[in-house]
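See below for the structure under consideration.
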Amino acid sequence: LNNRNLRSFLRCFDQYVLEQKADWADFTPGFFLEFQNNASGQNRTVNIKMSIISGFFKYLVRKDVLDRNPLEDIPSRYENRFVPFIFSAK
C-alpha cells in the first residue's frame, strides 16, 4: 500500500467518526464492529481498512495516548481464497 491509500482509508474512518459524532470514549470494540459492518467494499478491502486503522491505534498505544488497542479482538471478514485447479490428462 502506498501513502495515498493509507490516507484514503484513514480519511474514510475519520468521516465515519464525524458522522457518528464519536469521541474517544466511543472507541469500543462494538464501535469498530459497526464500522466494519457498514464499510463498503469487498471483504479483502474491508480487512485492509481495519488493519490500517488497527495499526493507527497500535501507534496511539505505543505513544501512551490509549491503554489498549480497541481493535485487537475484532475478527477479520471471511475472504474467498482462489484455489487453482490443476487438470491433468490421464
Side-chain angles (χ1 to χ4, degrees):
L1 290 173
N2 61 34
N3 285 340
R4 188 181 335 190
N5 289 342
L6 293 173
R7 280 193 300 267
S8 173
F9 288 148
L10 288 173
R11 208 173 294 121
C12 173
F13 175 67
D14 183 53
Q15 184 64 38
Y16 181 78
V17 169
L18 291 173
E19 289 170 2
Q20 299 300 311
K21 297 180 173 79
D23 64 10
W24 291 104
D26 295 315
F27 293 156
T28 63
F31 179 84
F32 293 100
L33 284 171
E34 185 76 20
F35 172 76
Q36 183 183 50
N37 290 335
N38 290 325
S40 62
Q42 303 233 346
N43 286 351
R44 178 169 167 72
T45 303
V46 173
N47 288 341
I48 291 170
K49 286 179 187 180
M50 297 298 288
S51 177
I52 290 168
I53 295 166
S54 180
F56 173 68
F57 278 87
K58 284 178 188 175
Y59 170 78
L60 294 177
V61 169
R62 279 195 314 272
K63 292 295 185 178
D64 292 323
V65 174
L66 295 175
D67 293 330
R68 74 184 283 269
N69 182 351
L71 287 104
E72 66 188 4
D73 296 325
I74 305 292
S76 297
R77 284 187 175 179
Y78 175 78
E79 292 181 28
N80 291 328
R81 305 265 187 226
F82 174 74
V83 179
F85 292 97
I86 301 173
F87 296 100
S88 60
K90 284 192 176 185

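Keep in mind the model is a prediction, meaning the values are calculated, not measured. These numbers come from the heavy atoms of this one structure, side chains and all, not from hydrogens, waters or symmetry mates.
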Nearest-0.5 Å distance that lies between atom [atom1] in [X] and atom [atom2] in [Y]:
{"X": "L71", "Y": "T28", "atom1": "CG", "atom2": "OG1", "answer": "10.0 Å"}
{"X": "N5", "Y": "I52", "atom1": "CG", "atom2": "CD1", "answer": "7.5 Å"}
{"X": "C12", "Y": "K49", "atom1": "SG", "atom2": "NZ", "answer": "4.0 Å"}
{"X": "E72", "Y": "F57", "atom1": "CD", "atom2": "CZ", "answer": "12.5 Å"}
{"X": "D26", "Y": "F32", "atom1": "CG", "atom2": "CZ", "answer": "9.5 Å"}

Is there side-chain contact between [X] and [Y], with heavy atoms separated by less than 4.5 Å?
{"X": "F27", "Y": "L66", "result": "no"}
{"X": "I53", "Y": "F9", "result": "no"}
{"X": "D73", "Y": "R68", "result": "yes"}
{"X": "N69", "Y": "S54", "result": "yes"}
{"X": "F31", "Y": "Q20", "result": "yes"}
{"X": "P29", "Y": "I74", "result": "yes"}

Transitively linked via ILVMFWY side-chain contacts under 4.5 Å: F13 with L18?
->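 No; tracing contacts between hydrophobic side chains, which count when under 4.5 Å, never links both residues.
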More than 12 heavy atoms from other groups under 6.0 Å of CG on D23 |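 It does: D23 CG has more than 12 such atoms within range.
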So, does N37 use its side chain to make a donor-acceptor pair with the main chain of L33 at under 3.5 Å?
->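 Judged by distance alone, yes, a pair lies under 3.5 Å.
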